[in-house]
Amino acid sequence: MNPFTIEEQERMPEHVAIIMDGNGRWAQSKGKPRLFGHRNGVENVRSVVNTARELGIPYVTLYAFSQENQSRPVAEKSGLMKLLEEFLKIELKSMVRDGIRLRAIGDLNGLPEFARKIVLQTIEKTKANQDWNLTLALNYGSRQEVLEAIKSISKSENLDPESLEWDDFSQYLQTRDLPDPDLIVRTSGEFRLSNFLLLQAAYAEIFVSPLHWPDFNRNAFIDSIKDYVHRERRFGKTREQVVSLT
Ligand code: FPP
């Protein structure tokens, strides 16, 4: 049964972006190594992706590896990359079957060769899919993305910087074919954006869950969406100008 009323279903987010935090703390609280937390984190990716699809939320973006995560111990980084490889190898079949298109944002050149290869292959094999959209932020940093956009614009000969509008600028971001996120979810109780989609999140609602990512299950995800559909999104307008569901 759909946990949302008809009115709530009309206010579902189109794009939810998630900062999956707390794998390490979750594992440590169980006396296990950090990679145990990441492995369980991947299991949770499956659960949340399935729930989002079931709820009819067409775009989900996951912050899987930030540029700042490059400073983590080598063993943790390579463990994460192997988990990513395993995830994509296992999921390719169901992505093709279910019409899921994979995209990636971030500097893929900073990934180990085996990880970059499987990411690019999966993007290629799913590029015609149109039913659902999963984007992985890999070696991603919002400031770096903006800098790259500015560098490209400055090299572009037929563009007058004086007449540049946001809609033109946003075409130079790696998220150019994604809608802006409506909702940013962060787990583990941290109230930070951590260099994630800073400009794209200009009008996003933010939901922080105290749960560590491996514990942020289907029900917790549904609760975050329930909270979102009752928010009043004003985009700079007055209360009277917007209709809300209270
Ligand atoms: C944050 O927990 C999590 C990460 C840095 C990596 C998230 C990656 C995955 C869930 C696995 C790979 C993803 C896919 C899509 C296959 P943390 O290590 O920062 O936790 P802590 O703050 O408690 O130390």
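Worth saying up front: this structure is predicted, and the values here are computed from it rather than measured. Counting starts at 1 for both ligands and their atoms, in listed order. We're numbering straight along the sequence, starting at 1. Any value given below was found using the heavy atoms of this structure, including those in side chains, with hydrogens, waters and symmetry copies removed.
In terms of protein heavy atoms, atom 10 (C) of ligand 1 is closest to Asn23 ND2, 3.5 Å. At the top of the distance list for atom 1 (C) of ligand 1, counting protein heavy atoms only, stands Met20 O, 3.0 Å. Here the protein heavy atom with the shortest distance to atom 11 (C) of ligand 1 is Val42 CG2, 3.5 Å.
The distance criterion of under 3.5 Å between nitrogen or oxygen atoms is not met by Tyr63 with respect to ligand 1. Between Trp26 and ligand 1, no pair of N/O atoms sits closer than 3.5 Å. Checking only distances, Gly24 does come within under 3.5 Å of ligand 1, N or O to N or O.
Ligand 1 places these atoms under 4.0 Å from at least one heavy atom of Leu136: 15 (C). Within the listing of ligand 1, atoms 6 (C), 7 (C), 8 (C), 13 (C) sit less than 4.0 angstrom from a heavy atom of Ala64. Short contacts between ligand 1 and Arg25, defined as distances under 4.0 Å to a heavy atom of the residue, involve ligand atoms 21 (P), 22 (O), 23 (O). Here is the list of ligand 1 atoms found below 4.0 Å of a heavy atom in Phe87: 16 (C).
Annotation: Trp132 is not in aromatic contact with Tyr59 [ring centroid separation under 6.0 Å not met].
With a heavy-atom cut-off of 4.0 Å, Asn69 touches ligand 1 through its side chain alone. Within the 4.0 Å heavy-atom criterion, the part of Arg34 lying near ligand 1 is the side chain and not the backbone.
Note on ligand 1: Glu86 sits outside its first shell, no heavy atom being nearer than 4.0 Å. In this structure, Arg72 has a heavy atom closer than 4.0 Å to ligand 1.
Residue Phe221 is grouped with residue Val42 when hydrophobic side chains (ILVMFWY) are merged at heavy-atom distances under 4.5 angstrom, including chains of intermediate members.
A donor-acceptor contact under 3.5 angstrom links the side chains of His15 and Thr61, judged on distance only.
Between Lys117 and Glu85, none of the side-chain N atoms (NZ, or NE/NH1/NH2) sits under 4.0 Å from a carboxylate O, so this pair counts as no salt bridge. A salt bridge between Asp131 and Arg53 is absent, with no side-chain N of the basic residue lying under 4.0 Å from a carboxylate O of the acidic one.
For residues 146-169, the set of pairs meeting the ring-ring contact (aromatic ring centres under 6.0 Å, His included) definition, not counting sequence neighbours, comprises Trp166-Phe169. For residues 87-116, no pair satisfies ring-ring contact (aromatic ring centres under 6.0 Å, His included), with sequence neighbours left out.
Judged by the 6.0 Å and 45° rule, Lys30 forms no cation-pi pair with Phe36.
Although no hydrogens or angles enter the test, the distance criterion places no donor-acceptor pair under 3.5 Å between the side chain of Asn69 and the main chain of Phe65.
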